[in-house]
Amino acid sequence: MQKVSILFILILLIISGIVSIAGQQQYYYIQTTSPQYSILPGSVFVQPLNQSEELYIAVLLNFTNISSLENYLNQIYLLPSNFHHWLTPSQFREYYYPSQSYVNSLINYLESYGLQFKGQYGLALVFKGTVGEIEKAFSTYINVYYYPFKDLYWFGQVGIVDIGPFYYYSNNVTASLPYNIGKYVLGIVGIDSVDPKVISVLKDSAWHLNITRAEQNGLISKIVISPITIQEYFNFTKAYGVGWTGKGSDIAIEGVPECYVNVSDIYYFWKLYNIPRTGSLSVITFGNDTSGGQSAENELDAEWSGAFAPGANITIVFSDGYVGGPALVGNLLNYWYEYYYMVNYLDPNVISVSVTVPESFLAAYYPAMLYLIHNMMLQAAAEGISVLAASGDWGYESDHPPPNFHIGIYNTIWYPESDPYVTSVGGIFLNASSNGSIVSFSGWDYSTGGVSVVFPAQYYELTSLIPDTPTFARTYPDIAFVSAGGYNIPEFGFGLPLIFQGKLYLWYGTSGAAPITAAMISLPGVRFGALNFALYHISYSGIIISPLGKFQGLSAWIPITSGANPLPAHYGWNFVTGPGTYNAYAMVYDLLLYSGLTS
């Protein structure tokens, strides 16, 4: 099942809205609140929503002058004259964020209809008002609907199974504002609702790491593959030998919203494997809702990124119920706020992401959230931040999950992995010997790959030096690394270590591949920006085509020719590993050469 970019034509409409003139008044129609996205197909009208019922809504703001931003990104990634001339966060906000006077005018306008302004969280403005006040302010109507089916569909195929029937509310007329008030509004969330069971399904499936205690059964490796073994096998140690340890780099880790970590677990892991850590570890938390519990996902991210980049500073960011009001789209606004904080106030070299959302679900029902996150990826790219995201653990387009892992979400790849400015990290499987050494490796059978329904094929895909790179849409993964392994176990078995709640656990998943690869990118202590522009222009033979010229580098890519998800891995680009896995020293060397940072 391959999808085409059927939403590409809608991108400009989503980003810019539609302007209509009635008499002398210009109106800005906010397309992300139109029935096309909000009303589930097959729903039955029940009645208008009670006019006196109070709702929290968030008005999401767009960047200004999008065409100028796109032009700037093309310059810094494609032209030698301005190549890799990064902006600072303050410069980016000055050039592309709506002015405070505009924000104030929007607040004043909505307050004039009785809405209460509850707070600004970056590009999200939170309000509280009655249904009647909201309908008048946005010239719309909000109704109650009944969804009579057990499964939720998107793009004509099943997406989430066994969640219906249920009631929900939504607007049936596209919301609008006077043009000068609405011109920088990206969308509204909270004006419609999808049953809360949907959000809980997403969190349980997409934000869940497979771990187990080290008890002997058919899924548990008798041998644990240590990070030191992996460092030596994939040539990280040579990078350390020339002084590339991550010193001077900052790695930011996307936290699972409404969760927390125990830093003693992370330090215990580094001590257990004698990691010579010189970088710092920090945890930043906004809000105090930690109902999601302790995050093994993020402890894994910190333990393994810190182990493979011992000199890098590691920061985990949690937004725990911080964005004002009750959850409007689950905790997606808090999820977005973590990105917002990272790119505006941490400005790291690298962001590592293992917490993701189904792309096609967002595209079908919450495109405002997709493009709000996308804007943060644009800002990261302009600031020279490399964003790496785990491709997923569910096989090709989420239709081939491991037998010991229930997903319940289908017909999708994951976001922000599919974003053009994000590098999606797939998985490889390590076969170990009885003494713990690595014997061989292959494409991990549950490494997710697929085709975006939002983004078209990108410049770097159209001009790729990697054989068989698809050119019909944005596809992923873009690189792959260790996601599972062990001695004499199946590919959905456990053989990689994690310290969690003070005990040794074992794990599998591309959740580990992303932070390790983020660590590799951080080793030289420089900024590479959006990596795909470089990765697809480093050939298997080490020939590098950069805006700065043609160079002969090292053979950094290791093509993968075995494994299936169930589409087969093969020489050249494939849906299991993308271009393949890597020799860490050689890849850093080639990235520096591509960037003009070494002779």
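If you look at Tyr184 and Tyr102, their ring centroids are closer than 6.0 Å.
Between Met342 and Met376, the closest side-chain pair of non-hydrogen atoms is not below 4.5 Å. Residues Tyr415 and Val454 fail the side-chain proximity criterion, which asks for heavy atoms closer than 4.5 Å. Contact annotation: the side chain of Leu186 never approaches that of Leu61 to less than 4.5 Å [non-hydrogen atoms, C-beta and beyond]. Two residues are said to be in side-chain contact when any heavy atoms from C-beta on lie closer than 4.5 Å; Pro348 and Val350 fail this criterion. Side chains of Ser418 and Tyr476 form a contact here, defined as non-hydrogen atoms less than 4.5 Å apart. Contact of the Cys259 side chain with the Phe318 side chain is registered, since non-hydrogen atoms from C-beta on lie closer than 4.5 Å. Between Phe455 and Asp419 the shortest side-chain heavy-atom distance falls below 4.5 Å. Side-chain atoms of Thr315 and Ile251, non-hydrogen and from C-beta on, never get closer than 4.5 Å to each other.
Using a distance-only test at 3.5 Å, with no hydrogens or angles considered, no donor-acceptor pair links the side chain of Asn171 to the main chain of Ile142. Panel note: side chain Glu397, backbone Val451; a donor-acceptor pair is recorded below 3.5 Å. Side chain of Ser391 to backbone of Gly449: no donor-acceptor contact under 3.5 angstrom is found. Between the side chain of Thr448 and the backbone N or O of Trp394, at least one donor-acceptor pair lies under 3.5 Å. At distances below 3.5 Å, not a single donor-acceptor pair connects side-chain atoms of Gln47 with backbone N or O atoms of Val144. Remark: side-chain polar atoms of Ser398 are not paired, donor with acceptor, to backbone N or O of Tyr410 under 3.5 angstrom. Checking side-chain atoms of Asn349 against main-chain N and O of Val526 turns up a donor-acceptor pair under 3.5 Å. Checked by atom type and distance alone, the side chain of Tyr339 never pairs as donor or acceptor with a backbone atom of Leu372 at under 3.5 Å. Counting only distance, with no hydrogens or angles, the side chain of Asp393 and the backbone of Thr510 share a donor-acceptor pair below 3.5 Å.
Defined by atom type and a distance below 3.5 Å, a donor-acceptor pair is present between the side-chain atoms of Ser360 and Trp154. Side-chain atoms of Glu338 and Ser319 form no donor-acceptor pair, as typed in the model, at a separation below 3.5 Å. Checking Gln51 against Glu135 by side-chain atom types alone, a donor-acceptor pair falls below 3.5 Å. Asn298 and Asp301 share a side-chain donor-acceptor pair at under 3.5 Å. There is no side-chain donor-acceptor pair under 3.5 Å between Asn334 and Asp320. No side-chain N or O of Gln91 forms a donor-acceptor pair with one of Glu383 less than 3.5 Å apart. Side-chain polar atoms of Tyr168 and Ser43 form a donor-acceptor pair below 3.5 angstrom. In the model, Asn313 has a side-chain atom that pairs as donor or acceptor with a side-chain atom of Ser280 under 3.5 Å. Side chains of Gln75 and Ser81: no donor on one and acceptor on the other come within 3.5 Å. Between the side chains of Glu70 and Asn74, no donor N or O sits under 3.5 Å from an acceptor N or O.
Taking both residues in full, the closest heavy atoms of Ser354 and Ser511 are given as OG-O, 3.2 Å, listed atom of the first, atom of the second, then distance. Taking both residues in full, the closest heavy atoms of Gly164 and Phe166 are given as CA-CD2, 3.8 Å, listed atom of the first, atom of the second, then distance. Considering all non-hydrogen atoms of both residues, Glu461 and Pro470 come closest at CB-O, 3.8 Å. Minimum heavy-atom separation, Ala513 to Gly426: CB-O, 3.5 Å. The two residues Val103 and Gln120 make their nearest non-hydrogen contact at CG1-OE1, 3.6 Å. The nearest pair of heavy atoms linking Ile191 to Thr140 is CD1-CG2, 4.1 Å.
Ring-plane geometry between Phe533 and Tyr460 is classed as perpendicular, the angle between the planes exceeding 60 degrees on a 0 to 90 degree scale with a lower cut at 30. The aromatic rings of Tyr77 and His84 lie perpendicular to each other, with more than 60° between the two planes, well past the 30° mark. Ring geometry for His374 versus Tyr421: interplanar angle of 30 to 60°, hence tilted.
Residue Leu125 holds its CG atom at 11.5 Å from CG of Leu115, rounded to the nearest 0.5 Å. With values rounded to the nearest 0.5 angstrom, Leu78 atom CG is found 9.5 Å from Leu73 atom CG. Interatomic distance, CD1 of Ile351 versus CD of Glu254, reported as 8.0 Å (0.5 Å rounding). Once rounded to the nearest 0.5 Å, the distance linking CZ of Arg474 with CG of Asn532 reads 5.0 Å. The distance from atom NE2 of His85 to atom CD1 of Ile76, rounded to the nearest 0.5 Å, is 9.5 Å. Atom CG in Leu362 sits 10.0 Å away from atom OG1 in Thr356 (nearest 0.5 Å).
Enclosure of atom CG in Asn71 by more than 12 non-hydrogen atoms of other residues, nucleotides or ligands within 6.0 angstrom is indicated. With a 6.0 Å radius and a threshold of 12 heavy atoms from other residues, nucleotides or ligands, Lys136 has its NZ atom at or below the threshold.
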*Dump the intermediate steps for side-chain contact (heavy atoms from CB on, under 4.5 Å) on Val283 and Val317, then the final yes or no.*
CA-CA 6 Å; Val283 179; Val317 179; over 6 Å; no

*Tell me, with the steps shown, if Tyr169 and Asn143 meet side-chain contact (heavy atoms from CB on, under 4.5 Å).*
CA-CA 5 Å; Tyr169 61 84; Asn143 300 319; over 6 Å; no

_Criterion side-chain contact (heavy atoms from CB on, under 4.5 Å) on Ile188 and Thr32, from CA distance to verdict_ = CA-CA 7 Å; Ile188 309 169; Thr32 50; over 6 Å; no

*Can Tyr113 and Phe138 be said to form a side-chain contact (heavy atoms from CB on, under 4.5 Å), step by step?*
CA-CA 10 Å; Tyr113 282 88; Phe138 292 99; over 6 Å; no

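Residues forming a ring pair (Phe, Tyr, Trp, His ring centres under 6.0 Å) with Tyr345 (at least two apart in sequence, or on another chain): Tyr341. In this structure, the ring pair (Phe, Tyr, Trp, His ring centres under 6.0 Å) partners of Phe63, at least two apart in sequence or on a different chain, are Phe92, Tyr97. With sequence neighbours left out, Tyr337 forms a ring pair (Phe, Tyr, Trp, His ring centres under 6.0 Å) with Phe286, Tyr322, Tyr340. Legend: residues meeting side chain to side chain donor-acceptor pair (under 3.5 Å) with Ser68, ordered by chain and number and at least two apart, are absent. Residues satisfying the ring pair (Phe, Tyr, Trp, His ring centres under 6.0 Å) test with Phe149, not counting sequence neighbours, are Tyr147. In this structure Glu94 satisfies the side chain to side chain donor-acceptor pair (under 3.5 Å) test with no other residue, sequence neighbours excluded.
Salt-bridge check for Asp250 with Arg527: failed, with every basic side-chain N at 4.0 Å or more from each acidic carboxylate O.
The only option from Leu346, Asp347, Ile385 that meets the side-chain contact (heavy atoms from CB on, under 4.5 Å) definition with Pro89 turns out to be Asp347.
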